Number of protein chains: 2
Amino acid sequence: MRLPTIRDVARTAGVSISTVSLVLRQPQRVSEGTRDRVQEAIKSLEFRPNGTARDLRIRKSGTVGVFLRNLSGPYYSELIGGIEQVATDLSLTPIICGRSVDQEQGSIRLLRERRIDGAIVLDFGISLSELVQYSGPQLPVVVLNRSLPAPLASAYITGVRIDDDGGGYLAGKHLIEQGFLRPAVITGPIEAEASQSRQRGFFQAYAEHGIDPTNVPVIHSDFTESGGAQAMETLLNLGGAIDAIFSANDEMALGVLQTLATYGISVDQIAVMGFDDIPLARYVQPPLTTVHQPMSEVGATAMELLGRAMHGEERIPPRTLSTSLVVRASTPSKARPQ
Amino acid sequence: MRLPTIRDVARTAGVSISTVSLVLRQPQRVSEGTRDRVQEAIKSLEFRPNGTARDLRIRKSGTVGVFLRNLSGPYYSELIGGIEQVATDLSLTPIICGRSVDQEQGSIRLLRERRIDGAIVLDFGISLSELVQYSGPQLPVVVLNRSLPAPLASAYITGVRIDDDGGGYLAGKHLIEQGFLRPAVITGPIEAEASQSRQRGFFQAYAEHGIDPTNVPVIHSDFTESGGAQAMETLLNLGGAIDAIFSANDEMALGVLQTLATYGISVDQIAVMGFDDIPLARYVQPPLTTVHQPMSEVGATAMELLGRAMHGEERIPPRTLSTSLVVRASTPSKARPQ
DNA sequence: GACTGTAATCGAATCGTTACGAGGAGATGA
DNA sequence: TCATCTCCTCGTAACGATTCGATTACAGTC
């Protein structure tokens, strides 16, 4: 018992395969009588065209892949929302792929085997050289939150990122204005460029204010809540006199708040700043001051660039979107000026 | 300039197409010399097999679709985590599809056009009759959080759901034990079975305790935070003497807490319970008492059942997973007994 | 030396569509 | 009446892989 094919439809409608195909694609080009007969046959057989065969023939799938590191995390919801909105306008179906644990047969094979027409890649487990290899005129790629080498390695790769440097700078400036002059930094893994940039911008703000950033303690963590909590412990055990924490993302900042709470330290003693502005940031106690990333806009922009690339545009210049400061209660102004 | 095909590889290696294919699939069955030559040709041409062609021929894609209503919401992260874990073991690639705004060309076409080998469906915008139509031995479906008609409409559909009735009952019992005897309920849209069941279980607990649930005010809302806030306003304006709110999900409960806060009403006066145990529930002030759904387990179970169905097992009985109570600060015990 | 068995390789059909060029039937105009 | 033009419809060759039965080469056996 096989599913009916276009051939079966043709037979029961008493027409040729080509005519059925034409009814499927451009009904107005078929005479009314024939069209009705074919459509009836389609209905009675419950025929549904085989997408794979179609894809093979027209060398397109109408599908773009979105590659994320992990699908969890509030971080991605908005991003995907932005992508979906634009994708709908372009008549494209985005499919979200989680991390490829296994290089050989993880979701990355959708990319390698050209089962998709375009890709938006956030997962930084997929290297740029890999992407250069897989990308091409038939499969352009938009990379998120990565710096791209100045002369693009491939004419079919571009990127969208947020201004991490600028965001870090905003954070630094805010803490300085609030009177915190002895900050510490909790950053992400070394290979995460984003947190590097955030730290750089942060340091620049302090440097401009005449404070040498080389004395600022820096702990490398892993972007998770528990990682942040642990990093804060480490900082406390170090025993330096710090009055503020800049965490390279919100999740770690949550961990920091927890550790501070268990030690009975309030944000008047040690202020806390995050980065990302995840939904939770508004809800924790105290609400977290942070740097807002326009994730939805990032998604929409990425999809827009991808759409253009899929229409043949080459060497599209990368975009950088700017961040904004969101002041909440975790960075209260220091009462007595020094 | 076309991408190289298996034919090109065959030509440069001086062998037949079949041999190249054999090298690709079962290298050990090809003599060493030939194998080396072919592999070298593959490398030099940067040949990558076309997945679509392969799919067409072997009538499989190694891909399962996961259909969610919207990708946002903390709710789904864990679910997807559970699915991915099991999928990896089964050598399957899950792809996540957002809501199909447009029936004709949204992500649902992956289902209709059989571009996937199986589906896990949460999006309740996809009707059961549609699923019955699309499902089959080559494309089984697992439905999440829906009640299925007793004799399954299709041998290739099964389901995983949580015990909403039981969860509602747990909530009711807890509120009763804490001394809240005048509750109100904020529930979801009528078509959402889950919230109906939760309400039913909740009522049962009160009925067993001798309180007639028909007097309990019920407001239908939309599962969103703002919807919950508004529903709470409505309840307050109604002016009845209520001492507790049972919200059919956590997000609405957050809205309830907000409204109560703006009116200066504490949870000692009106207690609040949610349902789902989203990550945020732990962080709001006061932390929200709620009913925990084992989402990760739901995902893993769904994927497990789907895997079995894809191996040919028919009429797999649906599963129901149980919930558990998570007591936090939003339902303090009523000090003075009546 | 003829026969059998095995391993390596190949040719051709097939999966289910799309799309191009050609053919046939009427209609139109000279 | 014949040539020309439309409008429908059809046959057939792709698309790029897999797969099965056939063929060849060569070693081993009696």
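None of these values were measured; they are calculated from a predicted model. Just so it is clear: chains get the letters A, B, ... in the order the sequence lines come, proteins before strands, and each one is counted from 1.
What separates CZ of Arg29(A) from P of dT6(D) is a distance of 15 Å, to the nearest Å.
Taking the C1' atoms of five terminal pairs at each end of the helix from dG1(C)-dC30(D) to dA30(C)-dT1(D), the two resulting helix axes are inclined by 60°, rounded to 10°.
Partners of Glu313(B) according to the salt bridge (charged side-chain N to carboxylate O under 4.0 Å, His left out) rule, which considers only residues two or more places apart in sequence or in another chain, are Arg308(B). Applying the side-chain contact (heavy atoms from CB on, under 4.5 Å) criterion to Pro27(B), with sequence neighbours excluded, gives Arg35(B). With sequence neighbours left out, the salt bridge (charged side-chain N to carboxylate O under 4.0 Å, His left out) criterion links Arg161(B) to Asp164(B). Partners of Ser61(A) by side-chain hydrogen bond (donor to acceptor under 3.5 Å, both in side chains), not counting sequence neighbours, listed by chain and number: Asp117(A). Checked against side-chain hydrogen bond (donor to acceptor under 3.5 Å, both in side chains), Asn50(B) has no partners two or more places apart in sequence or in another chain. For Arg315(A), the side-chain contact (heavy atoms from CB on, under 4.5 Å) criterion is met by Ala155(A), not counting sequence neighbours. Applying the side-chain contact (heavy atoms from CB on, under 4.5 Å) test to Thr12(A) and every residue at least two apart in sequence or in another chain returns Ala41(A), Leu45(A). Checked against side-chain contact (heavy atoms from CB on, under 4.5 Å), Ile17(B) has the following partners two or more places apart in sequence or in another chain: Ile6(B), Arg7(B), Ala10(B).
Taking the 5' to 3' direction, DNA chain C first and last meets chain A under 4.0 angstrom from a heavy atom at dG16(C) to dA19(C).
Applying the salt bridge (charged side-chain N to carboxylate O under 4.0 Å, His left out) rule to pairs touching residues 42-67 of chain B yields Arg115(A)-Asp55(B), sequence neighbours excluded.
For the pair Arg37(A) (side chain) and Ala13(A) (backbone), a donor-acceptor distance under 3.5 Å is present.
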Nucleic acid footprint by protein, nucleotides 10-17 of chain D - heavy-atom cut-off 4.0 Å, B for base, S for sugar-phosphate alone: BBBBBBBB
